[in-house]
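For the single chain, residues carry numbers from 1 onward in sequence order. Since the model is a prediction, treat every value here as computed from it, not as a measurement.
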Amino acid sequence: MTTEQHYKVYDYINNVITLLDSPEDFVKCNFSILCDKYPIQINKSNYIAKVLYISLKTDKLVKRLYPDKIKEYEIEYIILNSNTRRKLNYKMNEFFVNGNNETQTYKENDFYNYSIELVSNKTKELINQLREKYNLTVPSLFIGEHQELVLE
């Protein structure tokens, strides 16, 4: 039984930083999270996406987490919010979540700004290499077999 929790971006990034060997080095950083294809819509504007890769960057350091560490730390999924500036849908191919951990506040709720970027063709090749190296399967949408309506 897993105890994995799924976090929205603000809590997810804060959690990732606390898992690092020296979290104090990433008090101010930019993040880039590579998510797998086909995020799952969990309500009107929220999606849950599988995380394939995380990069945290400061002026002096870069920390990268790959699928093995992501699984070990039980941070394989992230909850993302779709809005007029960030379009998500369940048919999306791989994409990056890019932002920084500068705290913003709205109605007493803290959050981090982030944007969604679809991967380029060059990045798709690297994703295939990543999948191969870490033995990751490519997700697919399930489409059931249609059976004709028969009246007897």
Side-chain angles (χ1 to χ4, degrees), residues 2-104 110-146:
T2 182
T3 59
E4 181 177 357
Q5 293 186 30
H6 308 310
Y7 298 107
K8 290 187 174 185
V9 174
Y10 179 82
D11 293 321
Y12 186 88
I13 292 299
N14 289 337
N15 185 34
V16 169
I17 291 171
T18 62
L19 296 170
L20 301 177
D21 293 334
S22 52
E24 64 280 357
D25 293 339
F26 293 88
V27 173
K28 292 283 185 210
C29 68
N30 291 316
F31 59 84
S32 190
I33 302 167
L34 174 62
C35 294
D36 212 345
K37 319 177 154 186
Y38 313 134
I40 298 168
Q41 190 168 10
I42 53 178
N43 61 33
K44 183 179 178 182
S45 61
N46 288 319
Y47 289 79
I48 189 166
K50 183 170 183 172
V51 176
L52 297 176
Y53 167 85
I54 303 166
S55 176
L56 301 174
K57 181 180 176 186
T58 68
D59 292 338
K60 298 175 184 173
L61 298 169
V62 176
K63 179 66 177 173
R64 296 178 181 98
L65 297 174
Y66 295 94
D68 55 345
K69 283 293 183 192
I70 291 169
K71 186 172 182 74
E72 178 185 325
Y73 292 154
E74 295 184 334
I75 52 173
E76 291 182 273
Y77 295 93
I78 187 169
I79 297 174
L80 303 169
N81 183 269
S82 183
N83 61 29
T84 55
R85 294 181 311 259
R86 282 191 304 261
K87 297 288 185 189
L88 291 164
N89 69 59
Y90 69 94
K91 293 182 181 178
M92 286 181 71
N93 284 318
E94 297 91 351
F95 59 95
F96 284 100
V97 177
N98 301 319
N100 63 44
N101 68 342
E102 184 178 320
T103 302
Q104 309 290 313
D110 292 338
F111 67 95
Y112 295 145
N113 281 325
Y114 64 93
S115 62
I116 303 295
E117 174 192 4
L118 296 176
V119 299
S120 66
N121 285 334
K122 181 182 176 187
T123 305
K124 284 183 184 183
E125 293 172 21
L126 291 171
I127 291 170
N128 288 336
Q129 292 172 14
L130 181 77
R131 287 185 195 284
E132 215 172 277
K133 181 176 181 176
Y134 291 96
N135 197 24
L136 302 172
T137 58
V138 179
S140 61
L141 291 176
F142 174 79
I143 300 174
E145 179 185 340
H146 174 74

Quiz item: For the residue pair Asn89 and Pro39, what are the closest heavy atoms and their distance?
Solution: O-CG, 3.4 Å

Quiz item: Taking C-beta and beyond as the side chain, do Phe96 and Thr123 meet within less than 4.5 Å on heavy atoms?
Solution: yes

Quiz item: So, do Asn46 and Lys8 sit near enough that their side-chain heavy atoms are less than 4.5 Å apart?
Solution: yes

Quiz item: With side chains defined as the heavy atoms from C-beta onward, is the minimum distance between Lys124 and Asn93 less than 4.5 Å?
Solution: yes

Quiz item: Just wondering, do Leu126 and Val119 contact through their side chains at under 4.5 Å, heavy atoms?
Solution: no

Quiz item: Which pair of non-hydrogen atoms, one from Leu20 and one from Lys63, has the smallest distance, and what is that distance?
Solution: CD2-CG, 3.6 Å

Exercise. Enter the distance from Leu136:CG to Asn128:CG here, rounded to the nearest 0.5 Å.
Key: 11.0 Å

Quiz item: Under 3.5 Å, is there a donor-acceptor pair between the side chain of Tyr12 and the main chain of Ile75?
Solution: yes

Quiz item: Got a donor-acceptor contact below 3.5 angstrom from the Asn101 side chain to the Phe26 backbone?
Solution: yes

Quiz prompt | Nearest atoms (heavy-atom pairs only) where Phe95 meets Ala49 | solution = CZ-CB, 4.0 Å

Quiz prompt | Close side-chain approach of Ile54 to Arg64, heavy-atom, < 4.5 Å | solution = no

Quiz prompt | Any donor-acceptor N/O pair, Arg131 side chain to Thr137 backbone, under 3.5 Å | solution = yes

Self-check item: Within-4.5 Å side-chain heavy-atom neighbours: Lys87 and Ile116
Solution: no

Quiz item: Between Val9 and Phe111, is a side-chain contact (heavy atoms from CB on, under 4.5 Å) present by the stated rule, with each step listed?
Solution: CA-CA 8 Å; Val9 174; Phe111 67 95; over 6 Å; no

Quiz item: Is Thr58 reaching over with its side chain to a backbone N or O of Lys60, donor-acceptor style, under 3.5 angstrom?
Solution: yes

Self-check item: Asn83 atom CG, neighbour heavy-atom count above 12 within 6.0 Å
Solution: yes

Quiz prompt | Whether Arg85 side chain and Ser115 backbone form a donor-acceptor pair below 3.5 Å | solution = no

Practice problem: Enter the distance from Glu117:CD to Cys35:SG here, rounded to the nearest 0.5 Å. | Solution: 12.0 Å

Self-check item: Value rounded to 0.5 Å, distance of CG in Leu61 from CG in Leu56
Solution: 10.5 Å

Quiz item: What's the spacing between Ile79 CD1 and Ile42 CD1 if we round to 0.5 Å?
Solution: 4.5 Å

Quiz item: Which pair of heavy atoms, one from Asn100 and one from Asn30, lies closest together, and at what distance?
Solution: CB-OD1, 3.2 Å

Quiz item: Looking only at atom types and distance, does a side-chain atom of Glu132 sit under 3.5 Å from a main-chain N or O of Asn135, one as donor and one as acceptor?
Solution: no

Quiz prompt | Side-chain heavy-atom pair Ile33, Tyr114 within 4.5 angstrom cut-off | solution = no

Quiz item: For the atom pair NZ (Lys133) and CG (Leu130), what is the distance rounded to the nearest 0.5 Å?
Solution: 8.0 Å

Quiz prompt | Heavy-atom pair with the smallest gap, counting every atom of Tyr112 and Thr103 | solution = CE2-OG1, 3.6 Å

Exercise. Calculate, to the nearest 0.5 Å, the distance between atoms NZ and NZ belonging to Lys37 and Lys50 respectively.
Key: 13.5 Å

Exercise. Would you please test Tyr38 and Tyr90 for ring-ring contact (aromatic ring centres under 6.0 Å, His included) and show each step?
Key: CA-CA 5 Å; Tyr38 313 134; Tyr90 69 94; 8.5 Å; no

Practice problem: Taking all heavy atoms of Asn113 and all of Phe31, pick out the closest pair and write down the distance. | Solution: O-CZ, 4.1 Å

